[in-house]
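Below: one structure, written as structure tokens.
Along the sequence shown, residues carry numbers from 1.
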Amino acid sequence: SGCTVKYSGYLEHGDSPFCTNCHSRFPGLMKLGKDVTLQGLEMGLLTMKKGEVARFVFTPDYAYGQRGCPPLIPPSATVMFEVELLDFLDTDESDTFFELTAEQQGTFPLQKVLKVADTERQFGNYLFRKQLFQAAKDRYKRVLSVLGRSPSSEDERQQIDASRLLVLLNLALTYLKLERPDKALACGEEALEINQRNAKALFRCGQACLCMTEYKRAQDFLVRAQHVEPFNRDINNELKKLA
């Protein structure tokens, strides 16, 4: 599991923290058991909800032990951590899934595959928010590879398509950020094959065509998007830009 946390650690009667990441605007994603190695902190984080702020006091057994961590932490120190859980992603199932062979992945029940796809997409969104567009693109493409399986019923097809649509829209925007409008257009058009009246897909296609100076196609896409969402400010602004 991974989480994004803001934290400050204090010695029992200390005024200033011996460790903190509160100065960082975008704290990195930390893996429990790998980046978060303090037993008490790991246990504490698992009890928290996204957005929650908590204060934990850890005895030496749950912190740095009898030996401490010189020179910052003296032996047998009780420590206090102030923690804010900004985001939490349960990636265990997803990590396990990607360690399997393609054949083994193919035998996974669809609901589990969709859950893995959703986790990976959220991870992509997290990377996108951090402006790590290349890494986000790789995550989104990984999701599409997972969703490439053949549905065994109409209901399954609809569930897979709903999941694919979200990823394609995210990927189209990511490609625009990476200044690859041709790829963004391809993703947008693939999204429109799933739902031809999806305003966001039409908008992304319009943006991509505008970047490629294909003004007539851009206008066609944006006018279609405007028909679906007449009061969407982004669509209307893009049409003004085009005019």
Side-chain angles (χ1 to χ4, degrees), residues 87 89 91 93-94 97-98 102 105-106 108-214 216-229 232-239 242:
D87 215 342
L89 278 176
T91 59
E93 198 166 11
S94 177
F97 179 83
F98 284 107
Q105 287 180 4
F108 246 54
L110 179 66
Q111 291 316 311
K112 281 200 170 183
V113 172
L114 292 174
K115 192 178 170 196
V116 165
D118 190 54
T119 302
E120 285 294 299
R121 185 176 61 81
Q122 285 182 49
F123 213 144
N125 293 353
Y126 165 79
L127 293 165
F128 183 94
R129 287 196 299 273
K130 299 257 295 183
Q131 302 194 343
L132 300 168
F133 302 124
Q134 190 66 40
K137 180 206 79 172
D138 293 341
R139 284 280 167 177
Y140 294 142
K141 288 190 79 171
R142 188 150 94 142
V143 182
L144 289 178
S145 73
V146 170
L147 296 172
R149 62 156 59 189
S150 300
S152 58
S153 66
E154 178 57 24
D155 182 50
E156 275 201 6
R157 188 186 66 76
Q158 285 180 5
Q159 289 183 68
I160 291 170
D161 277 353
S163 189
R164 277 182 62 235
L165 182 63
L166 292 174
V167 184
L168 287 164
L169 293 172
N170 290 355
L171 193 51
L173 181 56
T174 307
Y175 274 127
L176 286 172
K177 294 287 185 187
L178 289 167
E179 298 181 356
R180 293 296 310 273
D182 55 326
K183 296 271 192 185
L185 179 60
C187 290
E189 289 186 315
E190 205 175 325
L192 289 172
E193 285 173 22
I194 297 169
N195 177 0
Q196 61 183 6
R197 282 181 54 79
N198 185 284
K200 204 173 268 187
L202 290 163
F203 179 56
R204 296 283 173 249
C205 288
Q207 284 180 301
C209 289
L210 196 54
C211 289
M212 294 189 290
T213 66
E214 294 188 19
K216 177 72 180 76
R217 284 186 79 193
Q219 186 172 22
D220 289 345
F221 280 122
L222 292 169
V223 167
R224 281 168 66 194
Q226 193 183 44
H227 280 316
V228 180
E229 291 189 9
N232 185 306
R233 191 182 297 166
D234 291 334
I235 295 168
N236 291 332
N237 284 345
E238 208 73 1
L239 275 165
L242 186 64

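- Minimum heavy-atom separation, Glu238 to Leu222: CG-CD1, 3.9 Å.
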For this session: Determine, step by step, whether Asp118 and Arg121 satisfy the salt bridge (charged side-chain N to carboxylate O under 4.0 Å, His left out) criterion, reporting the C-alpha distance in whole Å, the side-chain angles of both residues, the deciding distance to 0.1 Å, and the verdict.
Result: CA-CA 5 Å; Asp118 190 54; Arg121 185 176 61 81; 3.0 Å; yes
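- For Phe203 against Asp234, the heavy-atom pair with the smallest separation is CE1-O, 3.6 Å.
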Exercise. Stepwise, does the salt bridge (charged side-chain N to carboxylate O under 4.0 Å, His left out) test hold for Arg224 with Asp220?
Worked result: CA-CA 6 Å; Arg224 281 168 66 194; Asp220 289 345; over 6 Å; no
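- Closest heavy-atom contact between Leu176 and Ala208: CD2-CA, 3.9 Å.
- Here the OG1-NZ distance, from Thr174 to Lys177, works out to 9.5 Å after rounding to the nearest 0.5 Å.
- Atoms CG and CG, on Leu192 and Leu165 in that order, are 9.0 Å from each other to the nearest 0.5 Å.
- Residues Phe108 and Val146 have side chains not in contact (no heavy-atom distance under 4.5 Å, counting atoms from C-beta outward).
- Within 6.0 Å of atom CD in Gln158, more than 12 heavy atoms from other residues, nucleotides or ligands are found, so the atom counts as buried in its surroundings.
- Salt-bridge annotation for Lys141 and Asp138: absent, with no side-chain N of the basic residue lying under 4.0 Å from a carboxylate O of the acidic one.
- Looking at every heavy atom in both residues, Ser163 comes nearest to Ala117 through OG-CB, 4.0 Å.
- In plain terms, the two heavy atoms of Ile160 and Leu114 that are nearest each other are CA-CD2, 4.4 Å.
- In this structure the side chain of Leu202 never reaches within 4.5 angstrom of the side chain of His227, judged on heavy atoms.
- Atoms NZ and CG, on Lys200 and Leu173 in that order, are 8.5 Å from each other to the nearest 0.5 Å.
- Heavy atoms of other residues, nucleotides or ligands lying less than 6.0 angstrom from CZ of Arg197 number 12 at most.
- Minimum heavy-atom separation, Pro109 to Arg149: C-NH1, 4.3 Å.
- Of the possible donor and acceptor atoms, one in the side chain of Tyr140 sits under 3.5 Å from a partner among the backbone N and O of Asn125.
- Residues Val113 and Phe97 are in side-chain contact: their nearest non-hydrogen atoms beyond the backbone lie under 4.5 Å apart.
- One distance of note links CZ of Arg139 with CD of Gln122; it measures 12.0 Å at 0.5 Å rounding.
- Inter-residue side-chain proximity for Leu169 and Asn198 is flagged as met; some heavy-atom pair is nearer than 4.5 Å.
- Contact annotation: the side chain of Leu168 approaches that of Ile194 to within less than 4.5 Å [non-hydrogen atoms, C-beta and beyond].
- In this structure, the side chains of Arg164 and Leu144 come closer than 4.5 Å at one or more pairs of heavy atoms.
- Atoms OG and CG, from Ser152 and Leu110 in turn, are 7.5 Å apart once rounded to the nearest 0.5 Å.
- Rounded to the nearest 0.5 angstrom, Gln159 CD and Glu154 CD are separated by 11.0 Å.
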